[in-house]
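Below is one structure, written out as structure tokens, with a few remarks after it.
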There are 4 protein chains.
Amino acid sequence: MEHQEFNEVKQVKEHESKLLSQDKVENLIQQAQEAKVSAYCPYSKFRVGAALLTTSDCVFTGCNVENACYNLGICAERVAISKAVSEGHNKFKAVAVASDMSDQFISPCGACRQFMREFGSDWLVYLSKPDGTYLEMTVNQLLPVSFGPDDLSMNKVAN
Amino acid sequence: MEHQEFNEVKQVKEHESKLLSQDKVENLIQQAQEAKVSAYCPYSKFRVGAALLTTSDCVFTGCNVENACYNLGICAERVAISKAVSEGHNKFKAVAVASDMSDQFISPCGACRQFMREFGSDWLVYLSKPDGTYLEMTVNQLLPVSFGPDDLSMNKVAN
Amino acid sequence: MEHQEFNEVKQVKEHESKLLSQDKVENLIQQAQEAKVSAYCPYSKFRVGAALLTTSDCVFTGCNVENACYNLGICAERVAISKAVSEGHNKFKAVAVASDMSDQFISPCGACRQFMREFGSDWLVYLSKPDGTYLEMTVNQLLPVSFGPDDLSMNKVAN
Amino acid sequence: MEHQEFNEVKQVKEHESKLLSQDKVENLIQQAQEAKVSAYCPYSKFRVGAALLTTSDCVFTGCNVENACYNLGICAERVAISKAVSEGHNKFKAVAVASDMSDQFISPCGACRQFMREFGSDWLVYLSKPDGTYLEMTVNQLLPVSFGPDDLSMNKVAN
Ligand SMILES: [Zn+2]
Ligand SMILES: [Zn+2]
Ligand SMILES: [Zn+2]
Ligand SMILES: [Zn+2]
């Protein structure tokens, strides 16, 4: 994590109006940490938890679920989001991510960023440490210049 | 679906002792059909629902959740299973799958079969039609000669 | 691998007419073993190689390519197939799979079976050991009652 | 694409020393466009091509390869990279991406960004249009604050 990136985050803090209160953020991170306990990760032994806040103020949690065929596992963030969708929720305010890394903010993989982006670009992602400190970013900051649903219907050249 | 496969299913019926009662199966399929309603599938417009029965008799439902980058979607079966795992359940009796295809039993894709197999080979999968009729198969029948968790720790030749 | 499955394989041998000669099979397995050397698998340390024979008798090889986000890796079989497709080939006769497991025939995961099935159900898959012995199966045997391209256009009930 | 992002790109141009010559970039984009022709995309009908330049100046091309189970497809960029790896190359200078969208630069999905990042953060990605115009970005710009191979071995808190 370089200096420049911390600045970017700061800028967002100043200009963004949809921020959660400190209390709500801490609470969401706490729920992500608790979700981590259910992680099924016998292969990586790298537990991750996620807690997703909908615009209707429901929280859905997820953990990573791995597979002997490594590439068939699913990350915590995608579990939380698909769980919410399967319960009829697909508008989101924020998602918090938690891991066991003591010195690093756990950051969503690219696939999870794309999975988030399907449901909007300007909602918040909290990258946390076990001590509760965090970075706040938007989906758009994590996946700039993104490919998204609109691209599929754009004008095309003739083949 | 050829004759031979129907026979295989019959054989299982005769020898298998873990079968669900007709009522329970019908109920599980009903829940899979209801789960289908939440499907987020603007790309395929092919709705799928799943209902997963744990050994502790809880039911977790799932639906397909697609993505503009088609390969980042998740099937209904995997949503249901990861949802259960994230709630602390990873022993399963059966899963029912439902779609809108009127004349075909909806069958799990290979990735979902592998995802199921991570949690055992001898539990039941119900492939259903909207009219409630179904095929009953085991995970092992759907994924014979499977790669699984044990393979990762098998003896290896020296490189 | 139970007795019954060996029988199934034998049955195929008797009835199937598209079989490769023993020489061709051994050669394909040899190429799968060589492909294994390029495997990028720092996480699983489980090397897999694949060699794919097209109907025009070209061979495309693949190895597993893993990722720090485990679920973003790709298996050897899918690498070989997508490589062939990207070079204009999508009709296949057979694929051989090789690993370092000394006592087990390496078997394709469910996702690879589904990826194979996209390009037909009745072509051959060779599950091999480092000593060159193998099991011969069809895609259909590995993925019975499969979901496939036709399902997407089947009749649907009204929502 | 907002103004700010164009600025970022410009900044990179000024500070980055690994840039390709205009000729090489145009050539790489041309190869990505040609690779697009092999795309197997009966479901999205959205053709994508990629051309990957290794540090040893080899080029590997890829196209998207889709599947009836939409989530089992593979993007053009991942096909090109895994193809290179399977041929013994895993150090890359740049990748160009091409699609049929006439008015939009085609941008890699999040999964492809993560797949690229496995092999370094500071190599170049060219997002192009059919008319040959392009945006130049680094992997790091496309996937800021990324999760990567180092994270897996970081210090962890005790469970
Ligand atoms: Zn992820
Ligand atoms: Zn599936
Ligand atoms: Zn596989
Ligand atoms: Zn992609």
Side-chain angles (χ1 to χ4, degrees), chain B residues 1 36 38-50 62-83 86 88 95 97-101 103-118 125 127 139 142-143 146-147 152 159, chain D residues 1 36 38-50 62-83 86 88 95 97-101 103-118 125 127 139 142-143 146-147 152 159:
Chain B
M1 187 78 47
K36 201 177 55 180
S38 298
Y40 174 78
C41 53
Y43 309 110
S44 71
K45 297 184 172 40
F46 191 97
R47 305 187 306 167
V48 184
C63 61
N64 47 335
V65 181
E66 297 190 343
N67 195 279
C69 176
Y70 283 16
N71 60 59
L72 289 174
I74 313 184
C75 294
E77 301 93 316
R78 278 176 274 169
V79 168
I81 294 174
S82 54
K83 202 164 157 181
S86 78
V95 64
V97 193
S99 84
D100 293 319
M101 289 191 298
D103 307 321
Q104 295 280 324
F105 298 105
I106 176 73
S107 187
C109 78
C112 287
R113 295 176 189 199
Q114 189 74 48
F115 206 78
M116 291 170 189
R117 189 257 174 274
E118 184 72 20
V125 186
L127 293 61
V139 172
L142 288 170
L143 198 74
S146 66
F147 180 85
L152 291 171
N159 294 353
Chain D
M1 188 77 50
K36 200 176 54 180
S38 298
Y40 173 79
C41 52
Y43 309 111
S44 71
K45 297 184 171 42
F46 192 98
R47 304 187 308 167
V48 183
C63 60
N64 47 335
V65 181
E66 298 189 344
N67 195 278
C69 175
Y70 283 16
N71 60 59
L72 288 175
I74 313 184
C75 294
E77 301 93 317
R78 279 176 273 169
V79 168
I81 294 173
S82 55
K83 204 163 155 180
S86 78
V95 64
V97 194
S99 85
D100 293 318
M101 288 190 298
D103 306 321
Q104 294 281 323
F105 298 105
I106 176 73
S107 186
C109 79
C112 286
R113 295 176 190 199
Q114 188 75 49
F115 206 77
M116 293 171 186
R117 189 260 175 271
E118 185 72 20
V125 186
L127 292 60
V139 172
L142 288 169
L143 198 73
S146 66
F147 180 85
L152 291 171
N159 295 353

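Remember, predicted model here, so these are calculated numbers, not experimental data. Just so it is clear: chains get the letters A, B, ... in the order the sequence lines come, proteins before strands, and each one is counted from 1.
Within the model, atoms SG of D/C109 and OH of B/Y70 stand 13.5 Å from one another, a figure rounded to the nearest 0.5 Å. Here the straight-line distance linking atom CG of B/N64 with atom SG of D/C69 works out to 9.5 Å at 0.5 Å rounding.
Of residues 73-80 of chain B, those residues with a non-hydrogen atom less than 4.5 Å from any non-hydrogen atom of chain D are, in numerical order, B/G73, B/I74, B/C75, B/R78.
For B/S107, the side chain to side chain donor-acceptor pair (under 3.5 Å) partners at least two apart in sequence or on another chain are B/R113.
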